Amino acid sequence: MKIAILGHGTVGSGVLKIIQDSALHPFEKDLSVKYVFVRPEKVNQNELFVDDYATILNDEEVDVVVEVLGGLEPAKTMIIDALKHGKNVVTANKAVVARNLKEFDEIAEENGVKFYFESAVGGGIPWIINLERALRIDQIDSIHGILNGTSNYILDTMTKTGQSFDKVLKDAQDLGYAEADPSADIDGYDIENKLCISVDIAYNTFVKPGDHLLKFGIRNITDEDIKYFKKHNLIVKLLGRSFKKNNSFNFVVEPTLYTPGQIEAGIHDNYNFVGLRGTTIGKLTFNGQGAGEFPTAHALVQDILDLKANNVHLKRDFNEEFSLDNTTKKKNYVVRTSADLESKLPEYDIQKDGNYYHISAIDTQKIHDVVNELSIEDNGIFFACISGGAYNPWIEK
């Protein structure tokens, strides 16, 4: 099986190493990389390197194109071109998959090839394949997870050390966990992409990222917030979750508080965690490395091996239609703000503790709307949901 890799960054170089170094893997040596697509200035650095994509597209020996360029373009166009030229595609690019999964799948079907994306959600965690396995038997009604290793590293380190957000973010950037522009990680966009992909598969629908989906990240969290939560025996994580019932589903990315001893509270460093609930399997969870050179490359090579073995993934048409409704679930929240929150929610049970407000039984849409409104007055506002299984000190004390 001949392979072309689009990109030679951290993940692309990891795929190349795994395939070329038999010491890294037990599978038979019948995979080979024929091309690595790179920028023109890098072409002369390796005999495999090319900068003309047509060379790859027009080579009938190339069976699989591995897209690890990242971003939306030219990745989208290059994926479509590969599929239309009769080449299977595997990718780790969650942003492009989240926005184009239905189209990619349809084009692959039309051209008799496959489009696989295991590593786009959860890095090295075998999440997509196990979600599909569960769906062979069950209906899935909920998904939730800590789906971004950078945000988890930041929150975990702040919890362990008491250091400030800015200090830990800088350390994460120095370690290569966070980009120079960390917005995708700390503002929830990365989790949004991964939750969209998971929801697409679980509910056989197509949910595109955008402003209609509720997101609130960790940009505004302070070391004082961490201390306040720890004082009440709570640990904060940035979580994505969705629940489906009948003809509607909710979808939210937001900070969430857990009690030590809950599984989510024990996900440390840059690890990911993701789970589902099915009709017969009940709750099923996975955790592991969610990013990095070899964890992500491992998942990409697993997809290549599935193609080689002709292992057929679950067929979905993504045509089911559900309404998005974030008002059905009532949750308890903690909000830290210098603004007058009580005047915005006169009908709710609210306890005030300095700049922290504890709100009982409010729906997710309402609290996000209020926080967005108050952020005009207080741009440092922060809030977190108290998970259903956590001990709530403001209600149960």
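Here the structure is a predicted model, which means the values were calculated and not measured.
- No side-chain heavy atom of Lys227 sits under 4.5 Å from any side-chain heavy atom of Lys230.
- Note that Lys329 lies in the cation-pi zone of Phe243, set by a 6.0 Å cut-off to the ring centre and a 45° limit from the axis.
- At a cut-off of 3.5 Å, with distance as the only test, a side-chain donor of Asp317 or Asn204 sits close to an acceptor on the other residue.
- For the residue pair Ser183 and Asp181, a side-chain donor N or O sits within less than 3.5 Å of a side-chain acceptor on the partner.
- Judged purely by distance below 3.5 Å, without hydrogens or angles, the side chains of Thr222 and Asp225 pair a donor atom with an acceptor atom.
- A donor-acceptor contact closer than 3.5 angstrom links the side chains of Asn319 and Lys102.
- Salt bridge absent: Lys34 and Asp63 never bring a charged side-chain N and a carboxylate O closer than 4.0 Å.
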Practice item. Run the numbers on Thr10 and Glu293 for side chain to side chain contact (heavy atoms under 4.5 Å, CB included), then give the verdict. Key: CA-CA 5 Å; Thr10 300; Glu293 179 183 17; 3.6 Å; yes
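- The same ILVMFWY cluster, assembled from side-chain heavy atoms under 4.5 Å apart, contains both Ile201 and Ile191.
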Practice item. Could you please spell out the steps behind the side chain to side chain contact (heavy atoms under 4.5 Å, CB included) verdict for Thr256 and Cys385? Key: CA-CA 5 Å; Thr256 304; Cys385 173; 4.3 Å; yes
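- Looking only at side-chain heavy atoms (C-beta outward), Lys308 and Ile304 stay at 4.5 Å or farther from each other.
- Defined by atom type and a distance below 3.5 Å, a donor-acceptor pair is missing between the side-chain atoms of Thr328 and Asp325.
- For Asn355 and Ser338, the side-chain atoms include no donor-acceptor pair closer than 3.5 Å.
- No close placement of the Phe37 and Tyr35 rings is indicated, their centers lying 6.0 Å or farther apart.
- Counting only heavy atoms from C-beta outward, the side chains of Asp303 and His313 approach each other to under 4.5 Å.
- Ring-plane geometry between Tyr153 and Tyr177 is classed as perpendicular, the angle between the planes exceeding 60 degrees on a 0 to 90 degree scale with a lower cut at 30.
- A side-chain donor-acceptor contact under 3.5 Å links Lys215 to the backbone of Gly210.
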Practice item. Dump the intermediate steps for side chain to side chain contact (heavy atoms under 4.5 Å, CB included) on Lys331 and Ile359, then the final yes or no. Key: CA-CA 9 Å; Lys331 299 278 188 178; Ile359 309 164; over 6 Å; no
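- His368 and Asn326 form no side-chain donor-acceptor contact under 3.5 Å, judged by distance and modelled atom types alone.
- Side-chain N/O atoms of Gln45 and His8 include no donor and acceptor closer than 3.5 Å.
- Of the residues listed (Asn272, Leu238, Asp185, Leu239), the one engaging Asn148 in a side-chain contact (heavy atoms from CB on, under 4.5 Å) is Asp185, and it is the only one.
- Between the side chain of Ser142 and the backbone N or O of Leu276, no donor-acceptor pair lies under 3.5 Å.
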Point to revise | CA sep, side-chain torsions, deciding dist, call: Glu264, His144, side chain to side chain donor-acceptor pair (under 3.5 Å) | key: CA-CA 10 Å; Glu264 294 85 351; His144 80 291; 2.7 Å; yes
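- Asp223 and Ser164 share no side-chain donor-acceptor pair at under 3.5 Å.
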